[in-house]
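Each remark here refers to the structure printed beneath this line.
Sequence lines set the chain letters: A, B, ... in the order given, protein chains first and strands last, and positions in each chain run from 1.
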Number of protein chains: 2
Amino acid sequence: MDFTDVSLVALRVFREVAERGTLTAAAGALGYTQSAVSRQIASLERAARAPLLERRRDGVRLTAAGHVVLRRAVTVLDEIDATARELAGLPAEAGTVRLGWFASAGAVLLPRAVAALRRSHPSITVSTREGSTPALVRALRAGTLDLALLASAPPFRPLDGESPPLTVRTLAERSLRLAVPVTHPLAAADSVDVADLRGQRWIAGSSVGDERLMGVWPGLDERPVIAHTARDWLAKLHLVAAGCGLTTVPASLAPAAPAGVRILSVKGGPEERRRLVLARLPHPLPEPAARLADALRSAAADLDEPA
Amino acid sequence: MDFTDVSLVALRVFREVAERGTLTAAAGALGYTQSAVSRQIASLERAARAPLLERRRDGVRLTAAGHVVLRRAVTVLDEIDATARELAGLPAEAGTVRLGWFASAGAVLLPRAVAALRRSHPSITVSTREGSTPALVRALRAGTLDLALLASAPPFRPLDGESPPLTVRTLAERSLRLAVPVTHPLAAADSVDVADLRGQRWIAGSSVGDERLMGVWPGLDERPVIAHTARDWLAKLHLVAAGCGLTTVPASLAPAAPAGVRILSVKGGPEERRRLVLARLPHPLPEPAARLADALRSAAADLDEPA
DNA sequence: TGAAGTCCATGACGATTACGCATACCAGAC
DNA sequence: GTCTGGTATGCGTAATCGTCATGGACTTCA
C-alpha cells in the first residue's frame, strides 16, 4: 500500500481529526464510530509509512509528517469539493469567507462588523462559527476557516508552536473589566480598588481545569468563592444583574451589558491587558476575507474611539 | 453518491482513459480488465450525475463535464503524488520536465536538444516518450506531459478543438524531402522533378487507414505502388538504402540519413511545407520546461542555419 | 486505593464493494 | 456472413470497511 493509493475518505477523516484534536470527536462529527476513525487513521499511517498523529492522554497532535499530509489533504479536498460544485452548476464559492470567533467577540464586534460588511459589500457571504481558541486554531490549520477572532492574554504567546506560524494582528488591546450588579455597593463608583474584591462571590467560566480560572479577577490573594459557573455570556451577565455574583468581562463586551449590570475598571493591581486578535494562515488572503478583516479592524477601532 | 465521495482510483482510471482515448487501452496500461475500467467510469459518472465520456465507435472522447473533471483530477492526483514523494523524503520533482515527441523528431532534434540542455543545465532531468500526435495531445491535456514536439502539415489546423486551446510554437518550417538510394538514377542530381516520381515504388508509414498516406509523395496523379510499410525510421531509411523504394522524410531528419541514402528536394509540384511545432498547455511553464523549450528552439534554429 | 471517566487500539462479524471472467451488443471492414 | 475493433453487464469470489464489544493506559475524584 503506497501513499498514492490513499482513499479520499481517509483524508477527510484525517482532516476532521486534525481539526477536532481527538479521534472520538472527529468520529462524532462525521457520524462514524471511534473505531472506524481509528482504523482509517491507522490505514493512512500505513500508507504514509510514518505515524501522522502523536497519541497523548487528551487526544492526538499532528507529527511533522502529519502536518505535511494535512496541508496537502486540504488542497486535495478543496479541489474535489470545488469540482462537485462546478459540476452541480453552482458558482465557485469565491464570494464567501469563513470566520471563527471566541465567545467574547460574539456579542458586539462580530455583529457590528458583519452588518457593516453587508452594507459595504453586499455580495460577500460571511459564514461564522463559535469555538474555543485551540479549536479555532486547528480549524485555521485544517483550512476550514479563513479568519479567526481570538482573545489573548499576557504573556501573549504564539497561538501554537507549529510552522508556518499563524499571522496574528491585534485589533484592540484594553484592560480587563469587572461586571457588578447596579445594586451592588461597588457599583456606586466608576472604578473599584482590587482590595475591595476580597470576599466577593464569583461567577466563573467553564467549570474547572482551564489553566486559569476565567471569570474571577486574577491575582487575588485568597481562594475565590465560585457561586456559579457558566460559559454563556448572556447567562453570566444576567446572573450578575440578578445579584448572584461578580465576573470579569473583556472591555469589548461592555456595550452589550444588559440593564442591571455595571461595567467597572479595577485599580490598584497589576494592569490586566487583554488583546482581541485576528489570526489567519500566512498565505495571501482571498479578497472577501481581506474585506471582512478590514471590517473587523474598523469595527474594533470604532469600539475603542468612543470609549 | 455525491461527487465529493469519488474514489481516487476512479480519478486515476479516468485520467488514464482521457490520455489513452480508449477504455481498453487504459485498462491495459493500468493492469486492469476492461470491465473494471468500464465500471469505474460508470461509477464516476454516477457520482458526477453527468456523462463524462462520449462513446464513439473507435473509443471515447471527453464531454464538457469530462473536461471539468479531468482538469481537477490532474491537480488532485499531482498533489497526492507530490505528498507521497514528500513523505518518502524525495526532493520535489521540481527539476524534471516531461517531453513527448513525434517519431520524426526523435533522431536529430531530440538528442541534440537534450544533450545541449544537459551541458547548460545539468541539474534538469528530462524524461521523454514517443507517441502519436493525438496521444501526445491527450497526454498534454491529462497533465502527463509538459511539452510535446509534433509534426504539422497544411492546413495547420489547431491540434484539437478543446478549450483552452493549446499553445503552439513553430520551431521550424521546411519543405518535405525525398529519400532515395544513392544507387538510384534520381540520386544523381540535387533535386528531382515531381513528374519523375510516377511509377516509383514507395515505402509507406503505418499500413493504412491513416487519413493521408505517409511516406508517399503527396498529390501524385496515380495510385502509388506500396512496396513496404514501416513505422520505424531506421527501418525505413535502410529499406531505402537497400534500394527497396523511395519515401518522404521531413527535412529535419536529413542529418540522420544513413550511408546509402540521399535526401533530395522535389521541384515542380505545389510546395509541401511541414512544420515542427512545440505544443503545451496555455498555463505558465515550470522553469525546467521553459529551459528545455529554449534548448529545442535553438537546436531547431541550428538545424536550419547550416542547411 | 479503588471506581469512574477519558482516550485509543483491536478481534470478530456482517454487509458492501470491486474485481475478473465470460458474454452480449454494436458498427465497420472484407 | 465472419472478424475485429470497441463498450456494457450478469455472476461468483475476495477484499474492504463499517459496527459492536472489549481491552489497556492513564487521570480524576472520593
Side-chain angles (χ1 to χ4, degrees), chain A residues 1-2 5-14 16-47 51-63 66 132 134-135 138 206-211 213 226 229, chain B residues 1-2 5-14 16-47 51-63 66 132 134-135 138 206-211 213:
Chain A
M1 172 80 165
D2 193 356
D5 304 325
V6 288
S7 96
L8 282 179
V9 312
L11 293 184
R12 256 177 228 288
V13 166
F14 182 68
E16 197 68 38
V17 167
E19 180 163 350
R20 307 273 168 182
T22 279
L23 300 208
T24 318
L30 293 168
Y32 282 169
T33 305
Q34 174 268 326
S35 151
V37 170
S38 173
R39 287 174 200 281
Q40 287 283 358
I41 297 295
S43 122
L44 199 60
E45 290 181 311
R46 214 174 321 119
L52 304 178
L53 298 177
E54 179 193 344
R55 274 71 171 177
R56 328 179 100 232
R57 0 201 141 295
D58 55 342
V60 294
R61 287 175 36 127
L62 299 198
T63 63
S132 70
R138 281 193 303 260
S206 59
S207 52
V208 69
D210 245 353
E211 39 187 40
L213 204 45
I226 308 295
T229 71
Chain B
M1 172 82 166
D2 195 354
D5 304 325
V6 287
S7 96
L8 282 181
V9 312
L11 293 184
R12 255 176 229 289
V13 166
F14 183 67
E16 197 68 38
V17 168
E19 181 164 348
R20 306 274 167 181
T22 279
L23 300 207
T24 317
L30 293 168
Y32 282 168
T33 304
Q34 174 269 328
S35 149
V37 170
S38 173
R39 285 172 204 282
Q40 288 283 359
I41 297 295
S43 123
L44 198 60
E45 290 182 310
R46 216 174 319 118
L52 304 178
L53 297 178
E54 179 192 342
R55 274 71 172 175
R56 329 179 101 234
R57 343 234 140 279
D58 56 342
V60 295
R61 288 176 36 128
L62 299 198
T63 63
S132 71
R138 282 194 303 261
S206 59
S207 53
V208 67
D210 246 353
E211 38 188 41
L213 203 45

Spacing of [X] atom [atom1] relative to [N] atom [atom2], expressed in whole Å:
X	N	atom1	atom2	value
B:R55	C:dG28	CZ	P	18 Å
A:R46	D:dT16	CZ	P	9 Å
A:R12	D:dG18	CZ	P	14 Å
B:E54	D:dG6	CD	C1'	14 Å

- Message: Tell me the closest heavy-atom pair linking A:G21 and A:R138, and the distance in Å.
- Response: N-NE, 3.5 Å
- Might you point out which heavy atoms bring B:V17 and B:A26 nearest each other, and give the distance in Å? CG2-CB, 3.5 Å
Side chains of [X] and [Y] in contact at under 4.5 Å (non-hydrogen atoms):
X	Y	value
A:V60	A:L52	no
A:V6	A:L44	yes
A:L62	A:F14	yes
B:I41	B:V13	yes
A:S43	A:R39	no
A:L53	A:L23	yes

- Message: I'd like to compare against my own output: the B/S/- annotation of nucleotides 23-28 of chain D with a strict under-4.0 Å heavy-atom distance to protein.
- Response: ---SS-
- The correct set of residues in residues 37-45 of chain B placing a heavy atom under 4.0 Å from DNA chain C is B:R39, B:Q40
- Is B:S7 reaching over with its side chain to a backbone N or O of B:V9, donor-acceptor style, under 3.5 angstrom? yes
- Query: Contacts to DNA chain D from residues 17-34 of chain A, heavy-atom cutoff under 4.0 Å, which residues?
  - Reply: A:G31, A:Y32, A:T33
- Note on the structure: Between the CZ atom in A:R46 and the CG atom in A:D5, the distance rounded to the nearest 0.5 Å is 12.0 Å
